[in-house]
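A short worksheet on the structure shown next.
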Amino acid sequence: MITLLIRIVSLAALLYLVLPLVVIVGSSLTNTSFLAFPPQGLTLTWFGKVITDASYVSSFVTSTVLAAFATAVAILFAVPSALAIARYNFPGKRALSAILMSPLILPHVVLGAALLQYGTAIGLTRNFLALLVGHIVIITPFVLRAVLPQLTEEQKSLEEASADLGGRPVTTFFLVTFPQIRSGILSGAIFAFISSWINVELSIFNTTAELTTIPVKLFNYVQYTIDPTIAAVSAVTILVAALVIIILDFTLGLDVLSERR
Amino acid sequence: MTAPLLNITKLSKHFGRQAALSDVNLEVEQGEFIALLGPSGCGKTTLLRCIAGFLKPDSGSIRITGEDVTRLPPYLRPLNTVFQNYALFPHMSVEDNVAYGPRRRGATKKDALSQAADALELVGLSGFAGRFPRQLSGGQQQRVALARAIVNRPKLLLLDEPLSALDLKLRKRVQIELKHLQEKLGIAFVFVTHDQEEALTMADRVVVMSGGRIEQVGRGEDIYRAPATRFVADFIGEANLLPCSILPDGSLMTSVGALSVRPKLRPKGDNLVAVLRPEQVSLLPDGAMEGLSTVPAVVEDVIHVGSHVMVNARVGDTVITSRVSGQLPAQVVKGARLHVGFRPDDLHLIGD
Amino acid sequence: MSTTARRVSLLVGLPSLFFLAFFLAPMTVVALASLTDASGNLTFVNYARILLDQYHWDVLWVTFRIGAITTIACVLIGYPLAWYLVRIVDWRPWRRVCVILLIVPLFTSNIVRSFGWMVLLGRNGLVNDSLQTLGLIERPIRFIGIELGIVIGLVYILLPFIVLAVGNSVADVDPSLEQASADLGARPATTFWTVTFPLCLPGLMAGAVMVFMLAVSAYVTPALLSGGRITVFSMLIFQQYSSVFDFNYGGALSITMLVLTLVLVATAGRVGATKGA
């Protein structure tokens with residue numbers, strides 16, 4: 001009886017989770033000039049319009065390049081920091097890890113505003129570098145959070161074994177440590193990349209008409225008009241996300257909710 | 001005739017295609033201490049979980065004092081369990097853990113706590129009522145688990161390798177305490193273990209299991225002296241297993257030669273095995289000895305094990321192990337030629 | 001310099017400098033600006049402007065009310081869903097599909113997801129159409145521009161967080177604890193309330209805190225689904241920085257929001273820690 005109730009609530013909740021996405025993808029296929037769901041007839045016209053529109057294409061490129069750079073730097077920051085935090089005792093260690101993790105709980109609007117004000121003072125606003133700096137700050141914790149738990153005590157003894165066998169620290173890292181934390185780096189990097197790719201709250205302070213990311217462009221557009229072009233752009237981002245997740249599921253395995261029996 | 005406390009008939013359980021229990025029959029009397037003994041994967045834990053109600057058997061029945069409980073959920077069965085990992089509720093204090101059972105049986109909070117205090121006193125943990133499980137040592141947690149399981153005074157207590165997480169010294173002490181407690185309370189224990197010494201010292205009867213089947217049920221010394229199957233002989237203690245057959249004249253032909261013994265018991269089958277315990281094998285540097293069958297042998301290894309010495313001696317293709325307590329004769333060194341001897345009556349024959 | 005000190009500074013030197021320059025320094029600048037006036041003199045006037053003005057309290061009240069309702073709704077929907085995924089679904093492929101359905105929204109921009117609801121909740125959207133077809137309402141309900149619309153959008157965006165947090169803690173419950181409870185005579189409902197639920201409470205609290213924090217600091221979803229009729233606190237901050245350019249007052253707004261959320265999170269964390277002991 002209770003189980004039945006839970007099933008009903010859950011299936012309704014799952015429906016609730018997919019419905020908006022289905023509506024967007026569906027209405028991007030309509031052949032009317034206004035948004036309609038269910039779509040009236042099927043056409044790929046709107047997708048065609050998007051890929052021939054240079055401003056959309058350049059926003060997609062900006063978003064992707066920005067996310068890629070930010071993720072690369074985040075990995076270069078987070079992995080050494082994780083090693084230091086997990087393997088050494090040094091003054092200020094707690095403070096350092098608190099600072100590196102705090103962007104996770106900080107409202108992005110607050111951080112974006114702070115970076116804008118600070119950037120104005122030092123002359124770093126409304127350009128790619130200004131965007132990049134902010135994105136690095138918010139996504140580094142994702143990688144750190146994914147890598148830290150993998151640097152366990154058991155693993156430490158593997159590193160000691162490697163040192164014992166004559167491995168210098170750098171050799172030990174690449175031959176022993178890195179293979180153990182590779183999956184953590186990968187999953188952290190994916191979350192980091194996506195978080196950067198979909199960010200609005202932070203980017204919006206530093207974008208211009210020429211330099212804008214795809215979510216910010218959508219945001220500015222959606223506030224004034226809604227049309228099937230917007231649905232098509234959104235549909236592209238949904239399909240990309242779905243594709244990434246399905247690839248993740250088949251490579252890393254996303255069955256995070258199985259009972260550990 | 002009254003019904004036995006626990007009566008298990010033709011119990012079978014499969015996991016996928018794997019048979020975890022096949023055709024298990026067992027009776028347990030009031031106040032009896034039963035050990036389920038076997039290597040891992042033999043089905044002993046599966047059997048225990050079926051009795052507790054955590055697993056539903058595929059077929060067969062489980063009766064407790066005559067009442068069929070096979071389909072009853074765990075919370076309606078008149079028994080309690082001590083879990084291997086203790087399964088203490090981490091978010092409750094020791095006394096709340098122990099009072100949990102009485103509360104579920106409708107006792108008031110006050111009554112439940114006073115029953116819990118009694119149970120804790122019984123296991124010697126009176127001062128620990130307010131602590132949380134994570135603040136206790138492994139041995140103390142084990143006692144809390146025991147107190148929690150006996151507080152309801154069940155007629156039957158199931159224990160799933162409750163001592164396996166304790167270190168050797170503590171384990172020996174707890175074995176004795178547990179046995180005393182069981183006798184004092186008069187509760188029947190069904191105790192799962194893979195440690196044969198534990199089973200033999202504690203249990204009134206030992207149930208040896210292998211591959212989901214019961215191999216033998218009996219008192220510890222009977223199982224040791226007269227193993228019913230080759231598996232039991234090999235699993236319980238150390239044994240020299242000599243393949244043998246009975247000649248037409250009634251005498252015995254073994255892998256170490258013909259023996260002029262006429263076994264009293266003649267098991268069925270052609271491929272017989274003679275079981276000879278190492279302590280039943282004497283080393284004879286000077287040759288024959290009155291009343292013993294002897295065969296010439298060469299010493300292969302001499303292994304000192306503290307209180308005694310194990311000597312492996314080769315007879316043809318067979319290695320016979322002898323256990324020597326006390327002084328080892330000076331002649332017994334690696335490579336020495338001597339005789340091994342045993343009393344023909346000590347040979348125990350097992351059929352197929 | 002010892003080997004350890006040299007290695008540590010090699011490892012964390014660059015990240016520390018970067019976070020000092022582009023995280024701590026900006027936040028300090030904001031904090032300082034909030035305490036100064038346009039000509040740089042120390043003052044509390046910016047905070048006085050916020051705290052003494054009923055309008056700001058109204059906005060805060062709306063923001064936190066939306067946050068609280070969103071959190072409660074997320075818990076009420078998310079807990080059963082998490083339970084369903086961990087304990088009820090026994091066909092692995094279906095669970096895989098469910099987890100994918102749960103994570104795809106997480107990987108999609110808030111903007112796209114809110115846009116979906118703008119379409120669904122519009123005057124001629126699917127929700128109004130269905131309700132009318134079913135005869136439940138006569139005229140379309142205006143969802144965009146009322147709190148319910150914002151809550152629907154926020155719950156939608158934040159639900160996966162709580163499902164993952166609760167689901168993980170349900171999956172982590174040692175099954176032998178529930179068996180022990182049953183063994184001691186507890187019926188399934190009793191076992192749930194006395195054993196399983198308390199053990200999952202820290203996970204539930206962590207998820208709820210996260211949802212609440214993200215809900216009160218959300219900007220995009222309320223901005224799109226408010227239809228310009230409802231103001232939440234993050235919008236005030238955004239206005240100051242994007243159109244009014246009063247960094248001192250904006251800074252005070254930022255710091256107010258930061259302090260309020262951190263205090264609430266810390267309190268909730270403490271409650272969770274004692275309850276979960």
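Every value quoted in this text rests on a predicted model; they were computed, and no experiment measured them. Throughout, a chain's letter reflects where its sequence line sits, starting with A, and its residues are numbered from 1.
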Please identify, among [options], the residue contributing the most non-hydrogen atom pairs under 4.5 Å to chain A.
options: C/R113, C/M257, C/R7; result: C/R7
options: C/T28, C/L14, C/V209, C/V155; result: C/V155
options: C/I77, C/V216, C/D174, C/I152; result: C/I152
options: C/A21, C/S176, C/G78; result: C/A21
options: C/A189, C/P26, C/S217, C/G227; result: C/P26
options: C/I88, C/L126, C/I237, C/V29; result: C/I88

Checking heavy atoms, do the side chain of [X], its backbone, both or neither come under 4.5 Å from chain A?
X: C/F18; answer: side chain
X: C/L24; answer: side chain
X: C/L262; answer: side chain
X: C/V119; answer: side chain
X: C/V89; answer: neither
X: C/F19; answer: side chain

What distance do [X] atom [atom1] and [Y] atom [atom2] have between them, rounded to the nearest 0.5 Å?
X: C/L11; Y: A/F77; atom1: CG; atom2: CZ; value: 13.0 Å
X: C/N248; Y: A/Q117; atom1: CG; atom2: CD; value: 7.0 Å
X: A/D249; Y: C/I100; atom1: CG; atom2: CD1; value: 4.0 Å
X: C/L258; Y: A/I105; atom1: CG; atom2: CD1; value: 8.0 Å
X: A/L116; Y: C/F247; atom1: CG; atom2: CZ; value: 5.0 Å
X: A/I204; Y: C/Y241; atom1: CD1; atom2: OH; value: 15.0 Å

Using the side chain to side chain contact (heavy atoms under 4.5 Å, CB included) definition, which of the options A/T237, A/I214, A/L218 pairs with C/I111? A/L218
Among A/L100, A/I136, A/L106, A/T140, side chain to side chain contact (heavy atoms under 4.5 Å, CB included) partner for C/F23: A/L106
Check whether [X] gets within reach of chain C through its side chain, its backbone, both or neither, counting any heavy atom under 4.5 Å.
X: A/V22; result: neither
X: A/A12; result: neither
X: A/I99; result: both
X: A/L5; result: neither
X: A/V222; result: both
X: A/I194; result: side chain

Just by distance, do the side chain of A/Y118 and the backbone of C/V30 share a donor-acceptor pair under 3.5 Å? no
Using modelled atom types and a 3.5 Å cut-off, is there a donor and acceptor pairing between side-chain atoms of A/E201 and backbone atoms of C/Y219? yes
Can you find a heavy atom in the side chain of C/C98 that is under 4.5 Å from one in the side chain of A/L14? yes
Does a side-chain heavy-atom distance below 4.5 Å link A/I238 with C/V112? yes
Between A/Y16 and C/W117, how do the two ring planes meet: parallel, tilted or perpendicular, split at 30° and 60°? tilted
More than 12 heavy atoms of other residues, nucleotides or ligands under 6.0 Å from OH of C/Y79: yes or no? yes
Would a line drawn from the ring center of A/F219 to the ring center of C/F115 be shorter than 6.0 Å? no
Which of the residues [options] is involved in the greatest number of heavy-atom pairs with chain C at under 4.5 angstrom?
options: A/A231, A/G134, A/S195; value: A/A231
options: A/L104, A/I2, A/V110, A/I85; value: A/V110
options: A/P169, A/A84, A/A241, A/A114; value: A/A114
options: A/S27, A/A113, A/P91; value: A/A113
options: A/S102, A/A78, A/P107; value: A/P107
options: A/L83, A/I230, A/L111; value: A/I230

Stepwise side chain to side chain contact (heavy atoms under 4.5 Å, CB included) test for A/L96 and C/S16: CA-CA 7 Å; A/L96 179 71; C/S16 308; 3.4 Å; yes
After noting the C-alpha distance and the side-chain angles of A/L17 and C/Y156, does the key distance pass the side chain to side chain contact (heavy atoms under 4.5 Å, CB included) rule? CA-CA 7 Å; A/L17 282 172; C/Y156 171 70; 4.1 Å; yes
Locate the shortest heavy-atom distance separating [X] from [Y]; write the atom from each residue and the value.
X: A/I6; Y: C/P80; result: CG2-O, 3.4 Å
X: C/S109; Y: A/I198; result: OG-O, 3.3 Å
X: C/V104; Y: A/A242; result: CG2-CA, 4.1 Å
X: A/N89; Y: C/T4; result: O-CG2, 4.4 Å

Evaluate the side chain to side chain contact (heavy atoms under 4.5 Å, CB included) criterion for residues A/T3 and C/W83: first the C-alpha distance (whole Å), next the side-chain angles of each, then the deciding distance (0.1 Å), finally the verdict. CA-CA 10 Å; A/T3 307; C/W83 188 269; over 6 Å; no
Check the pair C/F238, A/F205 against side chain to side chain contact (heavy atoms under 4.5 Å, CB included), reporting the backbone distance first and the verdict last. CA-CA 9 Å; C/F238 188 72; A/F205 289 97; 3.6 Å; yes
Would you kindly check if the NZ (Lys) or CZ (Arg) of C/R96 is within the cone defined by 45 degrees around the ring axis of A/F250 and under 6.0 Å from the six-membered ring centre? yes
